[in-house]
Visitor: 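Quick one: structure below, then a few questions.
Below, all heavy atoms of this structure are taken into account, side chains as well, without hydrogens, waters or symmetry copies. Keep in mind it's a predicted model, so treat the numbers as computed, not measured. Letters A, B, ... are given to chains in the order of the sequence lines, protein chains preceding strands, and every chain is numbered from 1.
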Number of protein chains: 2
Amino acid sequence: MSVVEKAIGLLNHFSTARPEIGLSEFCRLARRDKATTYRHLTALEAVGLVEQNPTTRAYRIGPAALRLAELREATVPRRDGVLQPLATLADRTGESAHVSVLSGSSLHSLAVHESTRHSTRVVIDVAILPLHATASGISAVAFGAPELRDAALANMNRFTDFTPTTPEALDAAVAEARRTGISTSDSGFEAGVHGMAAPIYDQSGALAGAVAVASVATRMTAEQEFTNRTALVEAARQITRNWGGTVPAVVEAAWADTLTPMPREDAAR
Amino acid sequence: MSVVEKAIGLLNHFSTARPEIGLSEFCRLARRDKATTYRHLTALEAVGLVEQNPTTRAYRIGPAALRLAELREATVPRRDGVLQPLATLADRTGESAHVSVLSGSSLHSLAVHESTRHSTRVVIDVAILPLHATASGISAVAFGAPELRDAALANMNRFTDFTPTTPEALDAAVAEARRTGISTSDSGFEAGVHGMAAPIYDQSGALAGAVAVASVATRMTAEQEFTNRTALVEAARQITRNWGGTVPAVVEAAWADTLTPMPREDAAR
DNA sequence: ACCAATGGTTCATATAATGAACCGATGCAG
DNA sequence: CTGCATCGGTTCATTATATGAACCATTGGT
């Protein structure tokens, strides 16, 4: 791992729950010594990616982040086409909704919307989603390029007792996702969190990311699952349209099958 | 300069005008060899700060930028408090308006708004503003901590024939800014660009940055200058209020003096 | 069929990253 | 006010890591 990755990796320890981090705390989080951590932080500070709270001396994300994000949206506009469908999804399901984008073979969180219906809800606060342990990741493997399966297999960390850690377990989840058009992960990443996700596409025609709903597992009923499924399909269609893509016929067919299991009169369209 | 700074420094070559950059072009821009540039780019790619356009192989800003910006906003909400006053400023003056924030002793561009009144306008496309050669920088030196003057003197690049490159020239501009509350830079950074700036403050009570108007120099008249000055003061007050700061009395006094030069009946308030 | 680009890779060399130990400041308990 | 713990920051010999000239393999233009 290069110095650059190590240094920038420090930024991953920031979250909305932990927006400012002191030097010593950084050393503990990053499991590195003080001198190295300090130099990395001052380097990041020099380029504006972090700055120090002048009163507490704690470090926080710096202003350069804003400029980079502006450039990103100017280059690859994604965020705008996502916020409205995401809000609707969170509303309709009453759960936390989020969208991730595929970059190379990793899935980056793009936007989150938490519903206020329940007092308990899932907080998504992670930068890079593991491919094998999240519903979004399973969607990526199921509907993305074959290399994504290799990438998933190359990094099968066990997060909970339910994390799929064998190729067979992964393939089973992937097969189910391909059959229904919706991937599922029950406590695979975090215990007590039930995730469902659908693939989204952009103008390139290739898989671009995933839209997902994260529910408190104890709240999942057959009815809730059907609501999630319906709302997810709608959100995936909208985001795909906003990004200038089209949902592949095979995915639309899978969605149609599971949404109208018995009669299939309106399966066309 | 550490590797981290070099690698992240590559990101500064992106701009709205040049949103994607190939490997060879990067080597030329960064004046570094291919192998090094390539390794830096792959490191940045690994952390999601850049990604490759799958078809052209050119590099562009990656999705991690969005997450960092989101965290920045959650930690230090700035941008929201700037956009509306900036649009008003651009509207009232008919020129390009922009805001920069101070981080340590460098001035980072935060937001830009271009007026559509004229077909020719100034395009601001720079990440870090030089302290000695821009109106915003002069404002920072004039109203910020004394160390900023040292930082300015330590890096007096000559950009044009009009760039102040002596301590005397700098101090003269700074004195004028302190007297009027508005700094000026005529073609100091880019030929033909006339800049005016006012200081802005945040909740810490210290200088937080500057708001500026960049005009095509040939369009500057006494009337235009007065319009800019008035609109700048209003924008600086609004942004400062939005950031939870207060304008120091001495700056308010300087503004009042130059805005009502002859009578001073309503100087109080 | 050629040339001039491009993106990417190799490997000996030299430079830059590393971390244990250290410093001074601050805060707290007895 | 003394002693202890923790904080942010610094030093310097050791060593790992970054470097870049030279090298491929492709691509696109003429």
Side-chain angles (χ1 to χ4, degrees), chain A residues 1-14 18-62 75 103-106 145 147 150-151 204 206, chain B residues 1-14 18-62 75 103-106 145 147 150-151 204 206:
Chain A
M1 188 191 266
S2 77
V3 219
V4 182
E5 289 169 64
K6 287 184 218 165
I8 301 178
L10 290 175
L11 299 175
N12 287 332
H13 294 110
F14 288 110
R18 205 197 289 113
E20 299 201 347
I21 306 180
L23 176 58
S24 298
E25 198 178 352
F26 251 128
C27 298
R28 285 188 292 269
L29 290 169
R31 299 165 183 283
R32 233 183 297 284
D33 73 301
K34 224 179 341 185
T36 302
T37 307
Y38 178 67
R39 272 192 319 270
H40 288 174
L41 284 170
T42 46
L44 291 174
E45 190 174 23
V47 296
L49 275 180
V50 304
E51 68 179 14
Q52 276 187 289
N53 183 325
T55 61
T56 65
R57 283 186 176 179
Y59 295 85
R60 63 187 179 203
I61 301 278
T75 314
S103 178
S105 47
S106 44
E147 297 89 73
D150 306 332
S204 76
Chain B
M1 189 193 264
S2 77
V3 218
V4 182
E5 289 169 65
K6 286 185 218 164
I8 301 178
L10 290 176
L11 298 176
N12 287 332
H13 294 111
F14 288 110
R18 205 198 288 114
E20 299 202 345
I21 306 180
L23 175 58
S24 297
E25 197 177 352
F26 251 129
C27 298
R28 285 190 292 270
L29 290 169
R31 298 164 184 283
R32 234 182 298 285
D33 73 302
K34 226 180 339 185
T36 302
T37 308
Y38 178 67
R39 273 192 318 272
H40 287 173
L41 284 171
T42 47
L44 291 174
E45 189 174 23
V47 295
L49 274 181
V50 304
E51 69 179 12
Q52 275 187 290
N53 182 326
T55 61
T56 65
R57 283 185 175 178
Y59 295 86
R60 63 189 180 201
I61 302 277
T75 314
S103 177
S105 46
S106 44
E147 298 82 53
D150 306 331
S204 75

Visitor: Could you tell me which residues satisfy side chain to side chain contact (heavy atoms under 4.5 Å, CB included) with B/Glu20, sequence neighbours excluded, listed by chain and number?
Guide: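 Applying side chain to side chain contact (heavy atoms under 4.5 Å, CB included) to B/Glu20 gives A/Thr75, B/Asn53, B/Thr56, B/Ala58, B/Arg60.
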Visitor: Going 5' to 3' on DNA chain C, which nucleotide is the first and which the last to come under 4.0 Å of a heavy atom in chain A?
Guide: C/dA17 to C/dA20
Visitor: Sugar-phosphate means primed atoms, P, OP1 and OP2; the rest is base. With that split, encode nucleotides 25-30 of chain D 5' to 3' as B, S or - using protein heavy atoms under 4.0 Å.
Guide: ------
Visitor: With sequence neighbours excluded, tell me which residues meet side-chain hydrogen bond (donor to acceptor under 3.5 Å, both in side chains) with A/Ser204.
Guide: A/Asp202
Visitor: Which pairs, with at least one residue in residues 27-45 of chain A and sequence neighbours excluded, count as a salt bridge (Lys or Arg N to Asp or Glu O under 4.0 Å)?
Guide: none
Visitor: A/Ser103: which residues meet the side chain to side chain contact (heavy atoms under 4.5 Å, CB included) condition with it, sequence neighbours left out?
Guide: A/His108, B/Glu51, B/Pro63
Visitor: Take the C1' atoms of the five end pairs on each side of the helix from C/dA1-D/dT30 to C/dG30-D/dC1, derive the two axes, and give their angle rounded to 10 degrees.
Guide: 40°
Visitor: Can you tell me which residue pairs pass the salt bridge (Lys or Arg N to Asp or Glu O under 4.0 Å) test with a partner in residues 3-13 of chain B, sequence neighbours excluded?
Guide: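 Checked against salt bridge (Lys or Arg N to Asp or Glu O under 4.0 Å) - neighbours excluded - no pair reaches residues 3-13 of chain B.
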Visitor: Would you say A/Leu11 and B/Val47 make side-chain contact, with heavy atoms under 4.5 Å?
Guide: no
Visitor: Ignoring hydrogens, what is the shortest heavy-atom contact between B/Val3 and A/Val4? Give both atom names and the distance.
Guide: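 Closest heavy-atom pair between B/Val3 and A/Val4: O-CG2, 4.2 Å.
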Visitor: With a 4.0 Å heavy-atom cut-off, tell me which residues in residues 2-13 of chain B come close to DNA chain C, sorted by residue number.
Guide: B/Ser2, B/Val3
Visitor: Between A/Arg28 and D/dT6, does any side-chain N or O lie under 4.0 Å from OP1 or OP2?
Guide: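 False: A/Arg28 side-chain N/O out of range (4.0 Å or more) of D/dT6 OP1/OP2.
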Visitor: For B/Phe26, what residues pass the ring-ring contact (aromatic ring centres under 6.0 Å, His included) criterion, not counting sequence neighbours?
Guide: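 Residues passing ring-ring contact (aromatic ring centres under 6.0 Å, His included) with B/Phe26: B/Phe14.
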Visitor: Using atom types as modelled and distance alone, determine if a side-chain donor or acceptor of A/Arg18 lies under 3.5 Å from a backbone N or O of A/His13.
Guide: yes
Visitor: For B/Leu23 and B/Leu41, which heavy atoms make the closest approach, and how far apart are they?
Guide: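 Shortest heavy-atom separation between B/Leu23 and B/Leu41 comes out as CD1-CD1, 4.1 Å.
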Visitor: Identify, residue by residue, the members of residues 52-62 of chain B with a heavy atom below 4.0 Å from DNA chain D, and return them in order of residue number, or none.
Guide: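 Result for residues 52-62 of chain B: none.
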Visitor: For DNA chain D, find the residues of residues 33-41 of chain A with a heavy-atom distance under 4.0 Å and give them by number; none if there aren't any.
Guide: A/Lys34, A/Ala35, A/Tyr38
Visitor: What distance do A/Ile21 atom CD1 and A/Thr37 atom OG1 have between them, rounded to the nearest 0.5 Å?
Guide: 11.0 Å
Visitor: Under a 4.5 Å cut-off applied to non-hydrogen side-chain atoms, are A/Leu49 and B/Ile8 in contact?
Guide: yes
Visitor: Separation of A/Ile21 atom CD1 from D/dC7 atom C1', in whole Å?
Guide: 16 Å
